[in-house]
Amino acid sequence: MSESLPHQDNPEPDEDGLDLAAPSRRQLLMGGAVAASAIVSIRPALANTAASVLNCTIPVPDQGRSGNYIAPNGQVVPAGTQGAFPGAGRGYTGEQVKQAMRGGRLPGTGYEQNQAYLNYIRRLQSGTSGFTCYASLQMPR
């Protein structure tokens with residue numbers, strides 16, 4: 001009494017005659033077409049996002065604290081605080097900040113002032129002018 005076992009590799013087709021275990025060639029091609037069109041439509045959006053990130057600005061310090069100085073640790077301190085640097089009085093672009101964080105310098109700064117400004121930027125919190133720009137620089141591409 002030998003009993004024949006159905007092949008594990010070829011499961012039975014369903015009532016419509018379709019093999020549910022393995023997608024048909026047509027299904028695979030349709031899935032590939034959908035994925036390709038998604039990539040084509042997403043890629044320009046990512047390019048626009050990357051460009052806007054590089055053009056966004058980060059003021060040092062933000063407008064609400066513009067008369068203050070920046071301490072070496074990045075904290076905003078009262079004007080005239082010894083060892084602190086006057087605010088930049090301008091915003092730095094995302095591209096400038098990105099380059100400075102990779103070892104370059106922010107325009108118009110010496111080494112210590114650059115470090116203080118970068119520490120200020122690293123300490124930015126949600127709701128502070130420039131935070132969204134800085135956060136977008138941290139996103140992997």
Side-chain angles (χ1 to χ4, degrees), residues 2-141:
S2 84
E3 204 173 303
S4 87
L5 296 173
H7 289 288
Q8 297 283 335
D9 296 338
N10 270 334
E12 296 287 321
D14 71 353
E15 61 192 43
D16 295 330
L18 297 175
D19 182 357
L20 297 178
S24 70
R25 182 177 175 175
R26 181 179 214 169
Q27 289 170 322
L28 289 173
L29 288 172
M30 287 174 35
V34 169
S37 70
I39 290 168
V40 168
S41 64
I42 291 171
R43 198 170 277 167
L46 290 176
N48 288 340
T49 301
S52 66
V53 165
L54 299 179
N55 292 321
C56 63
T57 59
I58 302 173
V60 178
D62 60 284
Q63 193 173 18
R65 302 181 283 177
S66 62
N68 293 317
Y69 279 29
I70 307 297
N73 66 1
Q75 286 186 315
V76 179
V77 295
T81 300
Q82 190 165 356
F85 302 94
R90 59 172 282 202
Y92 294 104
T93 66
E95 178 65 24
Q96 291 169 329
V97 171
K98 188 175 182 179
Q99 288 176 358
M101 291 189 155
R102 290 182 175 167
R105 282 211 190 134
L106 294 168
T109 64
Y111 177 79
E112 291 175 357
Q113 186 177 22
N114 181 68
Q115 293 305 308
Y117 286 3
L118 288 177
N119 287 336
Y120 168 81
I121 292 168
R122 286 185 189 104
R123 296 172 67 113
L124 287 173
Q125 296 180 358
S126 182
T128 308
S129 182
F131 172 76
T132 304
C133 182
Y134 174 64
S136 62
L137 292 174
Q138 305 306 305
M139 300 289 186
R141 298 250 183 278

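Heads up: numbering here begins at 1 and tracks the sequence.
Taking the side chain as every heavy atom from C-beta outward, Tyr92 and Arg90 approach each other to under 4.5 Å. Taking 4.5 Å as the limit, every side-chain heavy atom of Phe85 sits out of range of all side-chain heavy atoms of Val77. By the 4.5 Å heavy-atom criterion applied to side chains, Cys56 and Thr93 are not counted as neighbours. Using a 4.5 Å heavy-atom threshold, the side chains of Thr128 and Tyr120 count as touching.
Atom CD of Glu95 and atom OG1 of Thr57 lie 14.0 Å apart (nearest 0.5 Å). Between Leu137 atom CG and Ile121 atom CD1 the span is 9.0 Å, to the nearest 0.5 Å. Atom CZ in Phe131 sits 10.5 Å away from atom CD1 in Ile58 (nearest 0.5 Å).
Under a 3.5 Å cut-off, the side chain of Asn114 and the backbone N or O of Gly110 do not form any donor-acceptor pair. Panel note: side chain Tyr117, backbone Val60; no donor-acceptor pair is recorded below 3.5 Å.
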Gln125 and Tyr134: CA distance, side-chain angles, deciding distance, side chain to side chain contact (heavy atoms under 4.5 Å, CB included) verdict: CA-CA 10 Å; Gln125 296 180 358; Tyr134 174 64; over 6 Å; no
Verdict with supporting geometry, Arg105 and Gln115, side chain to side chain contact (heavy atoms under 4.5 Å, CB included): CA-CA 9 Å; Arg105 282 211 190 134; Gln115 293 305 308; over 6 Å; no
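Residue pairs meeting the side chain to side chain donor-acceptor pair (under 3.5 Å) criterion with at least one partner in residues 66-84, sequence neighbours excluded, are Asn73-Gln75.
When all heavy atoms are compared, the tightest approach of Gln96 to Leu106 is O-CD2, 3.9 Å. Gln113 and Thr109 get closest at one heavy-atom pair: OE1-CA, 3.6 Å. Across Gly87 and Pro61, no two heavy atoms sit closer than the pair CA-CD, 3.6 Å. Taking each heavy atom of Ala84 and Pro72 in turn, the nearest pair found is CA-CD, 4.5 Å. Contact between Gly67 and Ala79 at its shortest, heavy atoms only, is O-CB, 3.4 Å.
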